[in-house]
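These values consider heavy atoms only, across backbone and side chains, with no hydrogens, waters or symmetry-generated copies. If you're wondering where the values come from, they're calculated on a predicted model, not measured in any experiment. As the structure lists them, so they are numbered: ligands from 1, and atoms in each ligand from 1.
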Amino acid sequence: MAAIPQAVSHVLPLQPFPPYPLPTPSPSRTGARHRRGESFIACSKGLRGSHDDYHATLRALNSKGRTPRKSLGQHYMLNNDINEQLVNAAGVKEGDVVLEIGPGTGSLTNVLIHAGATVLGIEKDPYMASIVTERFAETNRLKVLQEDFVKCHIHSHMSSFLASIVSDMKPRYAKVVSNIPFNISTDVVKQILPMGDIFSEVVLLLQEETAVRLVVSALRTSEYRPINIFVNFYSVPEYKFNVPRTNFFPQPNVDAAVVKFRLKKTADYPPVSSTRSFFSMVNSAFNGKRKMLRKSLQHLCTAVEIEKALEEVGLPATSRPGELTLDDFVKLHNLMVKD
Ligand SMILES: C[S@@+](CC[C@H](N)C(=O)[O-])C[C@H]1O[C@@H](n2cnc3c(N)ncnc32)[C@H](O)[C@@H]1O
């Protein structure tokens, strides 16, 4: 298993919840304009350090009397340094177009906009959608759609959004930079990764365990699953860094981690006649994880034909799914499944 980089430790004091008492900001830390009652966009102009974001997040929640909803995975980022690192990991620069799933109070959105991006936010919670829309009302660099990411047509939303941008620097591809609710991680990965025709880089803040499972899981381990074949088929994944749970409000029970996926273009996908039949074969193979492939794939070919195909790939006749790389599966599929 590849080594996981050293933890980035940012420990912040947390406020009781609810309600969230607003500490009196010190002018030296937050600037003279950062006072209660000011518009949120004005506050955001002074946001640079992690303490400022900490205050801004609590202020935004207080402004609507919101209690974070567990069912929506609402764990807000309190540390601006981590938002900056997410944005840097995606190499966001002036003129970029970025999809942000779940902008919440807009702390990450703020850093994206300051980096020069135009952002499409998809936010399920109508209260948070209105908070973030109000916060950036004075800029034309943000459009928020109040929709459930899992159910929305993200490809057509992003295509229209890219088409609507009038600029000489208009990029061909958008990026994804998001601190996503942990419970929709798999949906996000499954929907976004095959969209290399409109997205180039995808940087996600995920539950640590999910990040490791998606990116670090190695051959011949119990964590190696069809999702690893999927991730490597459509992207080049990279584990970036660990984010301790103390950086979120309210604090989750687990740590998080940042992962980057560089999406492959369609022409660079491994050559299979049909992705549908390829992934169907991979799923069948892993359904009988401990079974040999010559048994679990018998709905496709006879045991003898499977053994012959394995031999042609250079694998033993007794191979199990956890022993095959993406490349092995591609070769096996192309030998066993003819259009
Ligand atoms: C982990 S919070 C992150 C908020 C903010 N980006 C931050 O970094 O502080 C996740 C956000 O995603 C929103 N959300 C939850 N489920 C969603 C879904 N299915 N589609 C879109 N947004 C969702 C939540 O309301 C919340 O604002």
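Salt bridge status for Arg294 with Glu307: present, with a side-chain N to carboxylate O gap under 4.0 Å.
Taking the side-chain contact (heavy atoms from CB on, under 4.5 Å) definition, one finds that Ala309 meets it with Leu332, Leu335, Met336, sequence neighbours left out. Taking the ring pair (Phe, Tyr, Trp, His ring centres under 6.0 Å) definition, one finds that Phe149 meets it with nothing, sequence neighbours left out. Considering only residues two or more places apart in sequence or on other chains, Lys291 meets the side-chain contact (heavy atoms from CB on, under 4.5 Å) condition with Lys295, Ser296.
Here the closest heavy-atom approach between residue Val337 and residue Ser277 is recorded as CG1-OG, 3.9 Å.
Using bins of under 30°, 30° to 60° and over 60° for the plane-to-plane angle, the ring pair Tyr269/Phe233 lands in the tilted bin.
Listed by chain and residue number, the protein contacts of ligand 1 are Leu72, Gly73, Gln74, His75, Tyr76, Met77, Glu100, Gly102, Pro103, Gly104, Ser107, Ile122, Glu123, Lys124, Asp125, Glu147, Asp148, Phe149, Asn179, Pro181, Ile184 (heavy atom within 4.0 angstrom).
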